[in-house]
Amino acid sequence: MALSCLSRLACIAIKQADARVFNRFFEQFIMLVSDDLNDKKLSSCSSHADFISTIKAMVMAGD
């Protein structure tokens with residue numbers, strides 16, 4: 001039996017009032033990072049700003 005490793009971990013804090021919006025975001029976020037190509041693109045980001053702009057572009061492309 002093969003064991004899988006955790007390759008990414010995301011820690012996100014939200015206010016209770018933002019829970020509904022976050023749930024919509026989180027579902028799309030999981031779909032994005034579950035794709036190997038997207039995972040590689042996000043893993044290659046060299047800064048927080050680069051990560052944010054990359055994920056924004058992915059979200060916009062998915063609309």
Side-chain angles (χ1 to χ4, degrees):
M1 171 174 31
L3 298 175
S4 71
C5 299
L6 175 67
S7 62
R8 304 285 179 266
L9 175 65
C11 250
I12 304 169
I14 61 165
K15 295 185 292 185
Q16 182 66 35
D18 297 331
R20 188 172 299 151
V21 172
F22 174 77
N23 286 338
R24 288 193 308 252
F25 160 78
F26 190 69
E27 184 177 331
Q28 189 170 21
F29 177 77
I30 293 301
M31 289 173 54
L32 287 172
V33 297
S34 295
D35 180 270
D36 288 339
L37 181 60
N38 290 342
D39 182 54
K40 288 179 184 176
K41 286 180 185 177
L42 291 169
S43 296
S44 69
C45 293
S46 59
S47 68
H48 179 262
D50 187 22
F51 177 85
I52 295 299
S53 66
T54 301
I55 203 158
K56 282 182 180 179
M58 289 176 180
V59 168
M60 297 303 290
D63 286 344

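On a predicted model such as this, the values are computed, not experimentally measured, just so you know.
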- Item | Where D39 and V33 come nearest, the two heavy atoms and their spacing |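 So the two residues come closest at CB-O, 3.8 Å.
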
- Query: What's the shortest heavy-atom distance between A19 and I14, and which atoms?
  - Reply: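 In this case the closest contact between A19 and I14 is CA-CD1, 3.8 Å.
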
Any link between [X] and [Y] through a network of hydrophobic side chains (Ile, Leu, Val, Met, Phe, Trp, Tyr) touching at under 4.5 Å?
{"X": "M31", "Y": "F25", "result": "no"}
{"X": "L42", "Y": "I52", "result": "yes"}
{"X": "F22", "Y": "I30", "result": "yes"}

- Message: Please enumerate all residues that pass ring-ring contact (aromatic ring centres under 6.0 Å, His included) together with F51, with sequence neighbours excluded.
- Response: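 Residues passing ring-ring contact (aromatic ring centres under 6.0 Å, His included) with F51: none at all.
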
- Got a second to check how far C45's SG is from K40's NZ, nearest 0.5 Å?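 Separation between the atoms: 14.5 Å.
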
- Task: Supply the atom-to-atom distance L32 CG to M58 CE, rounded to the nearest 0.5 angstrom.
- Result: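 Going from CG on L32 over to CE on M58, the span is 6.5 Å.
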
- By side-chain contact (heavy atoms from CB on, under 4.5 Å) - contacts of R24 (at least two apart):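 Applying side-chain contact (heavy atoms from CB on, under 4.5 Å) to R24 gives R20, V21.
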
- Message: Among residues at least two apart in sequence or on other chains, which ones pass side-chain contact (heavy atoms from CB on, under 4.5 Å) with S47?
- Response: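 Partners of S47 by the side-chain contact (heavy atoms from CB on, under 4.5 Å) criterion, ordered by chain and then number, come out as A49, D50.
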
